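Everything numeric here is computed off the predicted structure, so don't read it as measured data. Indexing begins at 1, ligand by ligand and atom by atom, following the structure's order.
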Amino acid sequence: MAQLGEFPRVPETMDEDRSRTDDRVEPYIECRDLFKIYKRAELEVVALRGLDLVVDPGELIAIIGASGSGKSTLLNLLAGLDRPSAGQVRVGSRDLLDISDRDLVMYRRLEVGFVWQATGRNLVSYLSVRDNVELPMAMAGTKTGDRRKWSSELLAALGLEGKGDRLPYQLSGGEQQRVAIGVALANRPPLILADEPTGELDTQTAAQVFDLFTQLNDLYSVTVVLVTHYPGVAQYVDRVVHIRDGRISSESYSNPTFQRSGETVEDEYLVVDRAGRIQLPQALSEKFQAGGLAIVDSDGENVTMRPVGERPRPVRNSPLRRGRARPEERETTG
Ligand code: ADP
Ligand code: MG
């Protein structure tokens, strides 16, 4: 068991990796060519199609994307609540594709905390705030004294001092979500996942919850992955990852120059995956629809893409084809 107030931060294997000469930190989350296919009766839904995502230890990222783009699917896979169909997904030292059912239970209990959108889903309605926070610790076998100490520290960090004896319904929506974050942090997991945690809150309360995530991320070096629709989220996170049709299409970062002047301006970058695949923004991809082909060129520094309006006609008398009967000839001679 870790000391009170101290998270296991990153597994030991990663500390070793940190001492490597190239000083690149081993990612805490690594998804490679990840697929999730749901089978519903006769129908197959491809929710994730070759998704690549790498998250560093201690990073705080937000995932945004249209409804149905695969955000919850990704989070459920990372939470060990569902299993991927193909590809690779590693969290810390766990390979979540090959993991046994028994290890998956341990992973869910100790290595990941989850916050849902619906406050009612996060808390047990008949338990006090403090008992809610202590419940995961009790299930993990933490001693009563240790539970009490850590829940007190957490409630203070969450700005809920003096509210430990209340029942969830005696709190505001924002306060309930803060308790939910406390529950997620109870067993000091190195990773917190939150699926639209502010979806039911007003803008101002939502901002406070995001503020809290950044503080906890700083305080405990916990890695955080949030799914959100909150427009101003970029200013609270290290990176915003955009998901489209089950793949990561682009990433954006809050521009530090503008942020210092109080404005939020985001710089957005297209993601080029390891296989060289990109997803053009909708408006640009329409330019290529006529022929469905592009000419790609480079002047050494920049890469340009030019739409080919019409498909070129195949050259039927090429030497490679010589001696091969044309389809119409085949029909007449056959
Ligand atoms: P998001 O969270 O971005 O709105 P989801 O990950 O929930 O998207 O869903 C991605 C796609 O997978 C959608 O087309 C959705 O209908 C489908 N899907 C999600 N969960 C299931 C399920 N349990 N069974 C069948 N299809 C599902
Ligand atoms: Mg969702």
- Task: Would you check if the distance from the ring center of Phe210 to the ring center of Tyr230 is below 6.0 Å?
- Result: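 They qualify: ring centres under 6.0 Å apart.
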
### Task
Rounded to the nearest 0.5 Å, what's the gap from OG1 on Thr228 to CD on Glu196? Could you check?
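Answer rounded to 0.5 Å: 7.0 Å.
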
Task: Value rounded to 0.5 Å, distance of CD1 in Ile295 from CZ in Arg306 - done: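 The distance works out to 4.0 Å.
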
Checklist line | Mutual orientation of the aromatic rings belonging to Trp150 and Tyr220 [parallel < 30°, tilted 30-60°, perpendicular > 60°] | finding: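 Ring orientation of Trp150 relative to Tyr220: perpendicular.
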
Should Arg277 and Asp52 count as an ion pair when the cut-off is N to O under 4.0 Å?
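Looking at Arg277 and Asp52, the cut-off is not met.
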
Are Asp101 and Arg83 within salt-bridge range, i.e. N to O under 4.0 Å?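 Between Arg83 and Asp101 there is a salt bridge, with a charged N closer than 4.0 Å to a carboxylate O.
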
What does the contact table look like for ligand 1 (nitrogen or oxygen on each side, cut-off under 3.5 Å)?
from	atom 1	to	atom 2	distance (Å)
ligand 1	2 (O)	Ser72	N	2.9
ligand 1	2 (O)	Ser72	OG	2.9
ligand 1	3 (O)	Ser69	N	3.2
ligand 1	3 (O)	Ser69	OG	3.4
ligand 1	3 (O)	Gly70	N	3.1
ligand 1	3 (O)	Lys71	N	2.9
ligand 1	3 (O)	Lys71	NZ	2.8
ligand 1	4 (O)	Gly68	N	2.6
ligand 1	6 (O)	Thr73	N	2.9
ligand 1	6 (O)	Thr73	OG1	2.5
ligand 1	8 (O)	Gly70	N	3.3
ligand 1	26 (N)	Arg40	NH2	3.0

If a pair satisfies side-chain hydrogen bond (donor to acceptor under 3.5 Å, both in side chains) and one of its residues is in residues 105-118, list it, with sequence neighbours excluded.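 Every pair satisfying side-chain hydrogen bond (donor to acceptor under 3.5 Å, both in side chains) with a residue in residues 105-118: Arg94-Glu111.
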
Between Arg244 and Leu280, is there a donor-acceptor pair closer than 3.5 Å when you use the side chain of the first and the backbone of the second?
->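 Yes, Arg244 side chain to Leu280 backbone: donor-acceptor pair under 3.5 Å.
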
Tally of protein N/O/S atoms under 2.8 Å from the Mg ion (ligand 2)?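 Total protein N/O/S atoms under 2.8 Å from the Mg ion (ligand 2): 1.
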
### Task
Check which hydrophobic residues are tied to Leu97 through side-chain heavy-atom contacts below 4.5 Å, counting indirect links as well, and list them.
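Taking Ile, Leu, Val, Met, Phe, Trp and Tyr as members, Leu97 stands alone, with no cluster partners.
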
